[in-house]
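Chain letters run A, B, ... following the sequence lines, proteins first and then strands; every chain starts at 1. Worth saying up front: this structure is predicted, and the values here are computed from it rather than measured.
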2 protein chains.
Amino acid sequence: MKLTCPITGPKPYHHGDLRRALLDAASRVLEREGPTALSLRAVAREAGVSPAAPYHHFKDKSELMLAISEEGFDQLYDFMRQSSDPDGPPMERVAAIGVAYVEFAKAHPSIYRVMYDCSRDLEALPDKAHKAEDGAYSLLKKAMIDLGVVSSDQEVDLELACIAAWCAAHGLAEMVGFRQFDSLKAKMGGEKAFLAGVLSHLGTFGQARNRG
Amino acid sequence: MKLTCPITGPKPYHHGDLRRALLDAASRVLEREGPTALSLRAVAREAGVSPAAPYHHFKDKSELMLAISEEGFDQLYDFMRQSSDPDGPPMERVAAIGVAYVEFAKAHPSIYRVMYDCSRDLEALPDKAHKAEDGAYSLLKKAMIDLGVVSSDQEVDLELACIAAWCAAHGLAEMVGFRQFDSLKAKMGGEKAFLAGVLSHLGTFGQARNRG
DNA sequence: AGCTCATCTTGACAATGCTTAGATCGAACC
DNA sequence: GGTTCGATCTAAGCATTGTCAAGATGAGCT
């Protein structure tokens, strides 16, 4: 499977790298027509190949979606890393990670949808499906550790706090996707302030457990 | 539109109450084959009518799903109310509400899926779609008010805390739907303990905001 | 050159959402 | 009571989708 394609090279094989082309085509379809329009045939059409061609690169429609999902989690991971200063105060880091998470979901709603829809459909191959988000998750975990309020030897407590934070961010991302919260946003002066307001509660995870 | 159907009466009209029958059929299909198998045709088949019959009771497939969603939110509301003692300590009430929410999602994963999928698809009619969950949401809100730690005149703060809690529960419900958390559950001694562990962080919302 | 095999196309099948045209039958009106 | 009306249901069909089997194509090795 050699791919001699400098810029738009001499099409070495039948196509060169159809798998890559299909993923790009899928991305374009998603961006243009949304997740409900993501069909194998539409992707093939967009890539300029026959409807059956994708089956030589993806066993299933769900395998295509899984591949999209993996790239999406990579992008999410990058964005979260860029958005949080690793040397800054841990509290701000956790909040920044959460905000980045939700902003990514808002900026790429279709990709975000695919990321989680395929996790759901692919109960058969959980390892492959869930490995994709490990990078992003570990970023959050590190920040939570640096927060230091959770006793680090109590691994269970730490994990629970991380899961709670991740769930809250995920839940907010979903809600923001289809609810408006307009009046609340207006009262707080913008969407970013609103997101930060909700997510500020995330930073309190673990802290309040030290209550009397 | 009279429905003279005492027990399984003389079929007064063409069917009697096909709308009701379709919703029941949909419920059966969901329970038996999952949300991906929920098609208008399958529901019609299950109800014993022609594939086009449902269109006289639901404009769309999404309108069928919306109707299912509404009933689902009613059930959820009932379950949450039953699970939380209105006279108990507010802190436990919030936790109980959260646990009930997630347990409902676990017990009826297909219905839960429809509830949120149709919210997403029906951006056109947000009022009708979102009104369904108002009952359940207000239950949480009351408990959060009774918690009292959020200054009640600061309506915005209260709303933010409620949204954060709701998002966390929703996020956990989604995660639990397709992730296992097996090792963690084992360490904590059961699923319920695990859920309570994650959700205990919800009760800390607002509290930690009073930090120095 | 000739063989091989991955790649891609053609053509097909079943299922789905949805529409249009027609059949059916309760009910209201004369 | 008979007729008309209109809501309800069926029949038939269209476009689209996921998927598969059979054949064409052509790159790369011997």
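Of all nucleotides listed (C/dC8, C/dA12, C/dC18), C/dC18 comes nearest to the side chain of B/Lys61. Closest to the side chain of A/Ser39, out of D/dG18, C/dG17, C/dT10, is D/dG18. Checking D/dT19, C/dG17, C/dT9 against every side-chain atom of B/Tyr55, the shortest atom distance belongs to C/dG17. Picking from C/dT19, D/dT19, C/dT9 the nucleotide with the shortest atom distance to the side chain of A/Ala53 gives C/dT9.
The side chain of A/Ser50 contributes no N or O atom lying less than 4.0 Å from OP1 or OP2 of C/dC8. Residue B/Arg45 has a polar side-chain atom (N or O) positioned under 4.0 Å from OP1 or OP2 of C/dT16. Listed pair B/His57 / D/dC9 meets the phosphate criterion, a side-chain N or O lying under 4.0 Å from OP1 or OP2.
The nearest whole Å value for the distance from the CG atom in B/Asp17 to the P atom in C/dG26 is 17 Å. Rounded to an integer number of Å, the gap from CZ of B/Arg41 to C1' of C/dA14 is 11 Å. Separating the NE2 atom of A/His56 from the P atom of D/dG26 is a distance of 15 Å, rounded to the nearest angstrom. With rounding to whole Å, B/Asp60 atom CG is found 11 Å from C/dG17 atom P. Per the geometry, CZ belonging to B/Phe58 stands 15 Å off C1' belonging to D/dC9, to the nearest Å. Here the P atom of nucleotide D/dA15 and the CG atom of B/Leu40 are 20 Å apart, to the nearest Å. Atom CD of B/Glu33 is separated from atom C1' of C/dA15 by 13 Å (rounded to the nearest Å). With rounding to whole Å, B/Lys59 atom NZ is found 11 Å from C/dC18 atom C1'.
Nearer the 5' end of DNA chain D, as judged by each residue's closest nucleotide, is the contact made by B/Pro51, out of B/Pro51 and A/Ala37.
Salt-bridge formation is not detected for the pair A/Arg28/A/Glu33: no Lys NZ or Arg NE/NH1/NH2 atom is positioned less than 4.0 Å from an Asp or Glu carboxylate oxygen.
For the pair A/Phe104 and A/Asp78, the minimum side-chain heavy-atom distance is 4.5 Å or more. The side-chain heavy atoms of A/Arg45 and A/Val29, taken from C-beta on, include no pair separated by under 4.5 Å. Contact check for A/Leu160 versus B/Leu184: side-chain heavy atoms found under the 4.5 Å cut-off.
Within 4.0 Å (heavy atoms only), B/Arg19 reaches no atom of the nucleic acid at all.
Separation of the B/Tyr77 and B/Phe73 ring centroids does not fall under the 6.0 Å cut-off.
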